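What follows is one structure encoded as structure tokens, with my remarks underneath.
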Amino acid sequence: MVELDTWLAGCVSTYLANDGDLDQSRQNVITKCLPKLRRYVAQLGYPWAFPEAFAYFRLLLKMTELIHNDKAQDGGG
């Protein structure tokens with residue numbers, strides 16, 4: 001999960017810093033890592049087991065999915 005966090009948080013930060021602009025390599029990272037993040041968030045389960053981790057990775061998942069969908073609408077991924 002640490003590796004996913006590093007890659008995806010960097011992509012989210014870049015997307016936000018560049019007003020929604022994201023280069024193709026970062027779009028590819030999102031496309032590759034998003035299914036893995038979905039699985040890990042599901043494995044964390046409802047927040048009572050690891051509430052802080054669940055909350056953080058759920059937010060990361062939401063942001064990553066929003067970016068992925070935004071770029072897909074732009075024709076970029």
Side-chain angles (χ1 to χ4, degrees):
M1 294 222 29
V2 173
E3 186 176 340
L4 283 175
D5 179 33
T6 300
W7 285 99
L8 293 174
C11 292
V12 170
S13 295
T14 300
Y15 177 86
L16 294 173
N18 293 329
D19 296 322
D21 191 26
L22 202 62
D23 59 82
Q24 189 61 49
S25 64
R26 286 186 177 89
Q27 290 179 46
N28 293 341
V29 167
I30 288 176
T31 299
K32 178 182 174 187
C33 294
L34 188 55
K36 293 177 189 176
L37 182 59
R38 286 182 184 130
R39 284 192 301 273
Y40 284 126
V41 169
Q43 288 174 355
L44 282 174
Y46 195 70
W48 55 73
F50 300 99
E52 294 85 8
F54 180 82
Y56 174 78
F57 284 105
R58 185 169 165 244
L59 180 58
L60 181 61
L61 176 61
K62 284 182 176 183
M63 289 299 299
T64 304
E65 286 180 332
L66 288 169
I67 294 167
H68 179 72
N69 291 334
D70 179 54
K71 300 290 53 178
Q73 284 182 342
D74 288 349

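Only a predicted model underlies this, so the values are computations on that prediction, with no experimental measurement involved. FYI, the numbering just counts along the sequence from 1.
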Euclidean distance, [Y] [atom2] relative to [X] [atom1], rounded to 0.5 Å:
| X | Y | atom1 | atom2 | answer |
| --- | --- | --- | --- | --- |
| Ile67 | Asp70 | CD1 | CG | 8.0 Å |
| Cys11 | Leu16 | SG | CG | 11.0 Å |
| Asp23 | Asn18 | CG | CG | 8.5 Å |
| Cys33 | His68 | SG | NE2 | 12.0 Å |
| Phe57 | Leu8 | CZ | CG | 9.5 Å |
| Phe54 | Leu61 | CZ | CG | 9.5 Å |

Under 3.5 Å donor-acceptor, Lys36 side chain and Met1 backbone: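 Side chain of Lys36 to backbone of Met1, a donor-acceptor pair under 3.5 Å: no, none is there.
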
How about OH on Tyr56, more than 12 heavy atoms from neighbouring residues, nucleotides or ligands closer than 6.0 Å, or not? yes

Within a 6.0 Å radius of atom CZ on Arg58, are there more than 12 heavy atoms belonging to other residues, nucleotides or ligands?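 12 or below, so no.
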
Any donor-acceptor pair under 3.5 Å linking the side-chain atoms of Gln24 with those of Asn28? yes

When you compare the side chain of Ile30 with that of Leu22, does any pair of heavy atoms fall below 4.5 Å? yes

